[in-house]
A.B. asks: 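The following block contains the structure, expressed as structure tokens.
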Amino acid sequence: MGQALTEIAQTLKDANKKVQLIYAFNGTGKTRLSRAFKALIAPTDANAAEDEQEQNESIGKILYYNAFTEDLFYWDNDLDNDTNLKLKIHPNAFTEWVFAEQGQELNVISNFQGYVNNNALTPKFNEDFSEVTFSLKKGNDEDIENIKISKGEESNFVWSIFYSLLEQVVSVLNVPEKSDRETDKLNQLEYIFIDDPVTSLDDNHLIQMSVNL
């Protein structure tokens with residue numbers, strides 16, 4: 001008989017290993033496992049919305065990426081005019097922290113262009129980072145503005161936001177003395193759970209990403 005997700009989550013926690021890799025077919029519960037693990041590490045009271053919001057203002061004990069992270073992004077296809085296409089971002093503490101507080105905009109753009117291997121495909125954020133437009137820069141008057149990128153490119157874009165945060169996490173936590181770190185909002189971080197973010201990345205990028213982290 002198979003283990004329940006809560007039991008697997010507990011096994012992962014008790015293993016006390018720096019890195020653990022889980023492989024499972026689609027539909028077997030990887031995303032549900034990520035949520036079970038988060039609930040185990042940082043349980044929240046469903047009736048304490050204000051306290052939970054305060055907790056989300058910092059990273060807390062666990063940082064995780066799963067399908068719910070991607071659901072923060074959705075397209076406004078401008079169905080009436082078909083000209084002003086933009087990727088909108090649900091208000092959330094994660095992107096607020098990455099962009100507004102930590103200023104990772106340029107790193108996100110650089111990582112995204114590296115993943116899609118196209119420096120001409122350029123994201124542009126609005127002032128409050130609530131939406132993104134994409135353009136294809138050709139270096140002449142034929143630049144194409146407000147294009148809709150492919151689903152694979154969109155997945156790469158969302159992952160590039162999370163990956164830019166991971167790069168900063170590694171940089172900050174590599175400073176031994178907490179008082180010397182550029183921010184204290186990562187001091188409680190103990191776990192990072194990454195659920196299936198690389199469907200559209202090729203093998204070379206996968207290897208590079210693993211080595212860098």
Side-chain angles (χ1 to χ4, degrees), residues 5-6 8-22 24 29-46 48-49 51-73 89-112 115 129 154-176 178 180-199 201 205-206 208-213:
L5 290 176
T6 52
I8 299 174
Q10 186 66 55
T11 299
L12 293 174
K13 182 176 182 296
D14 294 342
N16 195 30
K17 294 182 179 180
K18 185 175 181 179
V19 178
Q20 299 183 71
L21 176 64
I22 301 172
K30 297 189 298 296
T31 297
R32 286 180 286 126
L33 176 60
S34 72
R35 292 177 67 80
F37 189 80
K38 178 179 182 294
L40 176 65
I41 300 302
T44 57
D45 183 352
D51 291 341
E52 183 175 354
Q53 177 60 35
E54 290 178 0
Q55 182 181 23
N56 286 338
E57 289 178 358
S58 60
I59 295 299
K61 285 187 176 182
I62 182 170
L63 180 66
Y64 74 103
Y65 180 103
N66 62 18
F68 291 91
T69 309
E70 293 190 350
D71 287 344
L72 295 173
F73 301 80
I89 305 174
H90 283 291
N92 67 93
F94 166 60
T95 55
E96 171 73 16
W97 200 83
V98 172
F99 292 117
E101 295 190 35
Q102 298 303 311
Q104 290 290 312
E105 176 183 358
L106 295 180
N107 289 334
V108 169
I109 294 173
S110 176
N111 285 324
F112 169 68
Y115 286 137
F129 300 101
E154 180 185 338
S155 294
N156 285 333
F157 174 73
V158 177
W159 168 250
S160 70
I161 296 175
F162 191 84
Y163 182 70
S164 297
L165 174 57
L166 291 186
E167 288 183 311
Q168 185 186 29
V169 165
V170 172
S171 175
V172 170
L173 295 186
N174 274 340
V175 178
K178 292 182 179 180
D180 294 334
R181 295 173 181 172
E182 63 184 77
T183 177
D184 61 0
K185 291 189 176 182
L186 300 174
N187 288 348
Q188 303 302 314
L189 182 63
E190 298 180 18
Y191 300 93
I192 298 174
F193 197 115
I194 303 173
D195 170 32
D196 200 17
V198 291
T199 304
L201 300 183
H205 283 140
L206 282 174
Q208 179 183 11
M209 180 180 68
S210 300
V211 171
N212 288 343
L213 289 179

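The basis for the numbers below is simple: all heavy atoms, side chains too, and nothing from hydrogens, waters or symmetry mates. Keep in mind the model is a prediction, meaning the values are calculated, not measured.
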A.B. asks: Measure the CG-NZ distance between N187 and K61 for me, rounded to the nearest 0.5 Å.
C.D. replies: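 Rounded to the nearest 0.5 Å, the CG-NZ separation comes out at 14.0 Å.
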
A.B. asks: Side chains of T31 and N66: donor-acceptor distance under 3.5 Å anywhere?
C.D. replies: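 On atom types as modelled, these side chains do not qualify, holding no pair under 3.5 Å.
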
A.B. asks: So, taking the atom named CD in E105 and the one named OG in S110, what distance separates them when rounded to the nearest 0.5 Å?
C.D. replies: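 Between E105 CD and S110 OG, I get 12.5 Å after rounding to 0.5 Å.
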
A.B. asks: Sequence neighbours left out, what passes side-chain hydrogen bond (donor to acceptor under 3.5 Å, both in side chains) with E182? Give chain and number order.
C.D. replies: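 side-chain hydrogen bond (donor to acceptor under 3.5 Å, both in side chains) check on E182 returns Q168.
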
A.B. asks: Looking at E190, I'd like to know if its CD atom is crowded, meaning that more than 12 non-hydrogen atoms belonging to other residues, nucleotides or ligands lie closer than 6.0 Å.
C.D. replies: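 Yes, the 6.0 Å shell around CD holds more than 12 heavy atoms from other groups.
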
A.B. asks: Work out which heavy atom in Q20 is nearest to a heavy atom in A15; give both atom names and the distance.
C.D. replies: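 Closest approach of Q20 to A15: OE1-CB, 3.6 Å.
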
A.B. asks: For S160 and F157: C-alpha separation, side-chain torsions, deciding distance, then whether side-chain contact (heavy atoms from CB on, under 4.5 Å) applies.
C.D. replies: CA-CA 5 Å; S160 70; F157 174 73; 4.2 Å; yes

A.B. asks: For a quick test of reading the model, state the closest non-hydrogen atom pair linking N156 to F112 and the distance between them.
C.D. replies: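 Minimum heavy-atom contact is C-CD1, 4.1 Å.
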
A.B. asks: If you compare all heavy atoms of L12 against all heavy atoms of L33, which two are closest, and at what distance to 0.1 Å?
C.D. replies: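 Here L12 and L33 meet closest at CD1-CD2, 4.2 Å.
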
A.B. asks: Output the distance between atom CG (L186) and atom NZ (K178), rounded to the nearest 0.5 Å.
C.D. replies: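 With rounding to 0.5 Å, CG (L186) is 11.5 Å from NZ (K178).
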
A.B. asks: Taking all atoms of both residues into account, what is the closest heavy-atom pair of K13 and F37, and its distance?
C.D. replies: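 Looking at all heavy atoms of both residues, the closest pair is N-CE1, 3.9 Å.
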
A.B. asks: Going by heavy atoms in the side chains, are V98 and F162 under 4.5 Å from each other?
C.D. replies: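 No - every pair of side-chain heavy atoms lies 4.5 Å or more apart.
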
A.B. asks: About how many Å separate OG of S155 and CZ of F73, when rounded to the nearest 0.5 Å?
C.D. replies: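 If I round to the nearest 0.5 Å, the distance is 11.0 Å.
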
A.B. asks: Could you check, using the six-membered ring where one of them is a Trp, whether Y64 and F193 have ring centers closer than 6.0 angstrom?
C.D. replies: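 No, ring centres 6.0 Å or more apart.
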
A.B. asks: Is the shortest heavy-atom distance from the side chain of V108 to the side chain of Y163 under 4.5 Å?
C.D. replies: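 No, side chains not in contact.
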
A.B. asks: Measure the NZ-CD1 distance between K30 and I22 for me, rounded to the nearest 0.5 Å.
C.D. replies: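 Those atoms lie 10.0 Å apart.
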
A.B. asks: What I want to check is whether the side chains of N92 and E96 have a donor and an acceptor closer together than 3.5 Å.
C.D. replies: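 No, E96 and N92 have no side-chain donor paired with an acceptor closer than 3.5 Å.
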
A.B. asks: Would you mind reporting whether E101 and K185 have side-chain heavy atoms less than 4.5 Å apart?
C.D. replies: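 Result yes, sub-4.5 Å side-chain heavy-atom pair found.
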
A.B. asks: Write down the atom of V169, the atom of I192, and the distance for their closest heavy-atom approach.
C.D. replies: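 Minimum heavy-atom separation between V169 and I192: CG1-CD1, 4.3 Å.
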
A.B. asks: State, to 0.1 Å, how close N111 and S164 come at their nearest heavy-atom pair, and which atoms those are.
C.D. replies: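 Between these two residues, the closest heavy atoms are ND2-OG, 2.9 Å.
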
A.B. asks: Whether the side chain of R181 engages the backbone of V175 through a donor-acceptor N/O pair (distance < 3.5 Å, no angle test) should be reported.
C.D. replies: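 Side chain of R181 to backbone of V175: a pair is present.
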
A.B. asks: From R32 CZ over to I8 CD1, what is the distance, rounded to the nearest 0.5 angstrom?
C.D. replies: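 Atom-to-atom, R32:CZ and I8:CD1 are 9.5 Å apart.
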
A.B. asks: For the pair W159 and I194, evaluate side-chain contact (heavy atoms from CB on, under 4.5 Å) and give the outcome as yes or no after the intermediate values.
C.D. replies: CA-CA 10 Å; W159 168 250; I194 303 173; 3.8 Å; yes

A.B. asks: Please determine whether side-chain contact (heavy atoms from CB on, under 4.5 Å) holds for the pair F94 and L165, giving the CA-CA distance in whole Å, both sets of side-chain angles, and the decisive distance to 0.1 Å.
C.D. replies: CA-CA 10 Å; F94 166 60; L165 174 57; 3.5 Å; yes

A.B. asks: Applying side-chain contact (heavy atoms from CB on, under 4.5 Å), run through Y65 and L166 and close with a yes or a no.
C.D. replies: CA-CA 11 Å; Y65 180 103; L166 291 186; over 6 Å; no

